[in-house]
Amino acid sequence: MKVALIGCGTIAKTHLDVLKHLGHSVTALCDRNEDKAKKLCREFGLNCDVYTDYKVMLDKAKPDSVHVCTPHYEHAEMSVAALERGINVLCEKPVCINDEQYAQLKEAAEKSSAKIGICFQNRYLETNEKLKSLCETEGAKGIFAAVPWARDVNYYTETDWRGRLKTEGGGVMMNQAIHTLDLTLWMLGEPVAVTGSVSNNHLKGVIDEEDTAEIYIEFKSGAKATFYATTANAFNTPVIISLSTEKGLYTAVGNKVYDGTGCPVAVNEKTDIIAKDYWGNGHLHLIRDFYDHVARGEDFPVDVVEAYKAVKTALELYASFGTRREIDFSKLQ
Ligand SMILES: NC(=O)c1ccc[n+]([C@@H]2O[C@H](COP(=O)([O-])OP(=O)(O)OC[C@H]3O[C@@H](n4cnc5c(N)ncnc54)[C@H](O)[C@@H]3O)[C@@H](O)[C@H]2O)c1
């Protein structure tokens, strides 16, 4: 498998770690900043070509697959270009940032012989797999979730795209909390309505989007989700997902799920961990599963339609201004 990667920034290293671990050969790297691509090439001891124009790379390097690790607003355009060339795509989240990009990408995916997968890697953690299976076996009544994180001014100003609605597509709900929003939808099924509010609590004048959001979602099944996310916290606190079923209450925090009596019922301990944390382990399992699907010629379950559900829900939150917005995912098909 000849693999290429676009966007040699922070998350690219996790992808390269995983690709090395899985034994795929990375033959081309692209970054608009050539030095960043060359540096990554050296750091990972890769014998690969470096490009600054991703379309030139796709045409010349002719990879079997490409990893898209660029800012949010470029995901759709780059993925479409690869799919049109019959190149498989593993794209970072969020899959895209608006309905127009979604329509273009969905059409390209339908027409292409190549496969596309989106990095919602937290679906692969045992804790989240446990909560999902409890929803199926015990019947879910609802979820409370919290993403209480800290992101300072430097985090936003060190790149030219974070903190900008035009390039990021939204603040904490579109970027950091999109994983937990995806998990909530994955566990509880089709939403029918959403409302909530967003605010900029600590970064006024620095970012032009929300650093804090609260969302309320009603589901077709009758289940409900309430959810709070912020990057204005004083420190990074582990994500909390509390699930109420017909039979009990379960809370996932850090690397464990606890039942109502405080006993752990699931632990994240998948063994072939290649990166130190929460992200890396999930990425390994997702990327491995993606390439297994590609090898079998099967569509990947977290595809464009599946991954857009969380984006669409975040966009409806932004449009709600506290009013109830009905959601109908069947119109996305
Ligand atoms: N799945 C996760 O948990 C996770 C974690 C972190 C980041 N991400 C996602 O990964 C993506 C990248 O985030 P990051 O933090 O690595 O960003 P970053 O700014 O550190 O890196 C992005 C890189 O893309 C390059 N780039 C931008 N436009 C380009 C273009 N047109 N052609 C070539 N190169 C281009 C930039 O020069 C930069 O090096 C984002 O979508 C982010 O949401 C996902």
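In listed order, ligands and their atoms are each counted from 1.
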Cluster link Leu16 to Val18, ILVMFWY, side chain under 4.5 Å: yes
No-hydrogen, no-angle side-chain donor-acceptor test under 3.5 Å, Glu218 and Tyr216: yes
Salt bridge present between Glu316 and Arg325 (N-O < 4.0 angstrom): yes
Residues, nucleotides or ligands: over 12 heavy atoms within 6.0 Å of Glu100 CD: no
Lys13 atom NZ, neighbour heavy-atom count above 12 within 6.0 Å: no
Contact partition for Trp161 relative to ligand 1, non-hydrogen atoms under 4.0 Å: side chain
Residue portion contacting ligand 1 (non-hydrogen atoms closer than 4.0 Å) for Asn175: side chain
For Lys36, atoms of ligand 1 separated by under 4.0 Å from a heavy atom: 38 (C), 39 (O)
N or O pair under 3.5 Å between His72 and ligand 1: yes
Contact atoms of ligand 1, heavy-atom distance to His75 under 4.0 Å: 41 (O)
Closest non-hydrogen atom pair, Ile118 against Ala307: CG1-CB, 3.5 Å
Contact atoms of ligand 1, heavy-atom distance to Gln121 under 4.0 Å: 1 (N), 2 (C), 3 (O)
Donor-acceptor side-chain pairing of Glu92 and His283 below 3.5 angstrom: yes
Tyr73 N/O under 3.5 Å from ligand 1 N/O: no
Shortest heavy-atom approach to atom 30 (C) of ligand 1 - which of Met78, Arg162, Glu92: Met78
Listing, residues 184-193 side-chain donor-acceptor contacts under 3.5 Å, not counting sequence neighbours, or none:
unit_1: Thr184; atom_1: OG1; unit_2: Thr180; atom_2: O; d: 2.8
unit_1: Glu190; atom_1: OE2; unit_2: Lys309; atom_2: NZ; d: 3.4

Under 4.0 Å to a heavy atom of Thr159 - the qualifying atoms of ligand 1, by number: 19 (O)
Face-on cation placement of Arg151 at Tyr155 ring, 6.0 Å and 45° thresholds: yes
Best match, Ile11, Leu29, Ile118, Ile6: closest heavy atom to atom 6 (C) of ligand 1: Ile11
Ala12 contact mode with ligand 1 (heavy-atom cut-off under 4.0 Å): neither
Interfacing atoms of ligand 1 (cut-off 4.0 Å, heavy-atom, Gly9): 16 (O), 20 (O), 21 (O), 23 (C), 39 (O)
Subset of ligand 1 atoms that lie under 4.0 Å from at least one heavy atom of His179: 1 (N), 2 (C), 3 (O)
